[in-house]
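For reference, the structure is listed below as structure tokens.
A, B, ... follow the sequence lines: proteins, then strands. Residue 1 opens every chain.
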Protein chains: 2
Amino acid sequence: MAKVNKTKYALLGILNHTSGSGYDIKKVCDSSIGHFWNENFGHIYPVLQRMEDEGLITKEVQQNEGRPAKNIFSITEKGKEELDKWLLLPIEREPIRSELLLKIFLSRDVPVKKIIERIREIKSDSEKDLIKYSEIDGILRSGEVKVDKKSLVLWLTTINYGKQSEEAKIKWCDETIKSLEEIEDL
Amino acid sequence: MAKVNKTKYALLGILNHTSGSGYDIKKVCDSSIGHFWNENFGHIYPVLQRMEDEGLITKEVQQNEGRPAKNIFSITEKGKEELDKWLLLPIEREPIRSELLLKIFLSRDVPVKKIIERIREIKSDSEKDLIKYSEIDGILRSGEVKVDKKSLVLWLTTINYGKQSEEAKIKWCDETIKSLEEIEDL
DNA sequence: GTATCCATGTAACCAGTTACATGATTGC
DNA sequence: GCAATCATGTAACTGGTTACATGGATAC
């Protein structure tokens, strides 16, 4: 079984929400879903092209004064069907690759002090992320963002996922530093 | 900046612990570090070849009666240096791509009941994983596995990471199911 | 007699990344 | 004057996956 192109579904899903250009999609990826999804232009444009060829989306050129023309893409019925089908498919357990855990696992010959330093950095990053999540949560709950109730709930759950993950990571950092300090003389 | 080949360092790290064949390495990947790292033969063999060419490892053919010959690889001084250098480098924040969160985020048109079903599956998977982690933890603590004290502590922290993550995920599932039940009529 | 393990490797393929090219406009 | 934003795209590349090929040994 060949690897599924998930970019396709991500773009389809974003266009299902609002029609837009490749550039617009990239903005959504960087802002709204940046905490769990990323895309880059080098992939977005060719995939949009392919999707148009497959009839999943349609292109409409929009002229703008003083600005470059935009290719506005919209999802078709066929595209909508394909998206819905994918959304109902079980979530694939993708193989994990954690550089952090690999490094820890292999750090027998690294001085314990250095490892602790590294973990402290990780913890500090997580703390910053946690604050960011709280901020996004606040913005979403403030009502500033115009969005239907159901989507709002769904979006909040993705933020909550981030929060839970970071909290767990911080707890792990604390516990790890503690056990490392106990063997610091080794 | 080109993407770094992490397989290289994973293999180097494993060989730094014990010399062995590609087949042996694959076994380590599937068992000891399977919960946070994966490799496949189609990548292991060519990378080992390349590493030998670069002088990071050496090959020795080992003949065995009644079994296929094995290529036993050992890390060289140069390889050890490169590994140590990498281990001290800050951990790269790799872009995350969570199919779970993407699907949730895009599920506006999916019936809430279906989403809840899906989350229950996720929760059940996490519960199973949690049990597995506890089992591995037990084995490591039992003293059955022959390993130096420092490595043992490091390995236990990777297991603990898994535990914390799964616990956080379970908590998220519960909270998510609860908020979805509140909007089930939408 | 059949499945699994041992053991190595190649070929085809695809997803995704980075760098480059182009050029106008707006804000500081 | 400079940086950032708007906007689209291509080319080169690499990392990693899957499928295929081979074949003996062992366990049930």
Rounded off to whole Å, could you give me the [atom1]-to-[atom2] distance for the [X] and [N] pair?
X	N	atom1	atom2	result
A/I44	C/dT17	CD1	C1'	12 Å
B/W37	D/dG15	CH2	P	12 Å
A/I72	D/dA7	CD1	C1'	11 Å

Could you check if a side-chain atom of A/E175 sits within less than 4.5 angstrom of a side-chain atom of B/K163, using non-hydrogen atoms only?
->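 Sidechains of B/K163 and A/E175: no contact.
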
May I ask you to establish whether A/K26 and A/F41 are in a cation-pi arrangement, using a distance under 6.0 Å from NZ or CZ to the six-membered ring centre and at most 45° from the ring axis?
->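 Yes, a cation-pi geometry holds between A/K26 and A/F41.
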
Axial cation check for B/W86 ring with B/K6, 6.0 Å and 45° limits =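 No, B/K6 and B/W86 do not form such a contact.
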
Check whether any side-chain N or O of B/T76 sits under 3.5 Å from a backbone N or O of B/L56 as a donor-acceptor pair, and report yes or no.
->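 Judged by distance alone, yes, a pair lies under 3.5 Å.
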
Among the candidates [options], find the nucleotide nearest to the side-chain atoms of [X].
X	options	result
B/N5	D/dG16, C/dT8, D/dC6	D/dG16
B/P68	C/dT17, D/dG23, D/dT17	D/dG23
A/Y45	C/dA7, C/dT17, D/dT10	D/dT10
B/F41	C/dT8, C/dT17, D/dT8	C/dT8
A/K70	D/dA7, D/dG15, C/dA7	D/dA7

Quick one: is [N] close enough that its OP1 or OP2 comes under 4.0 Å of any side-chain N or O from [X]?
X	N	value
B/N38	D/dT17	yes
B/R50	D/dT14	no
A/Y23	D/dT8	no
A/R97	D/dG16	yes

Taking the nucleotide of DNA chain C with the closest heavy atom to each, which residue, B/N71 or B/P95, is nearer the 5' end?
->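 In this pair, the answer is B/N71.
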
Using heavy atoms to find the nearest nucleotide of DNA chain C for B/K27 and B/K59 separately, return the residue whose nucleotide is more 5′.
->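 Closer to the 5' end of DNA chain C: B/K27.
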
Pairwise 5' ranking along DNA chain D for A/S21 and B/K8, keeping only the more 5' one |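 In this pair, the answer is A/S21.
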
Going by an N to O cut-off under 4.0 Å, is there a salt bridge joining A/K70 and A/D24?
->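 A/D24 and A/K70: salt-bridged.
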
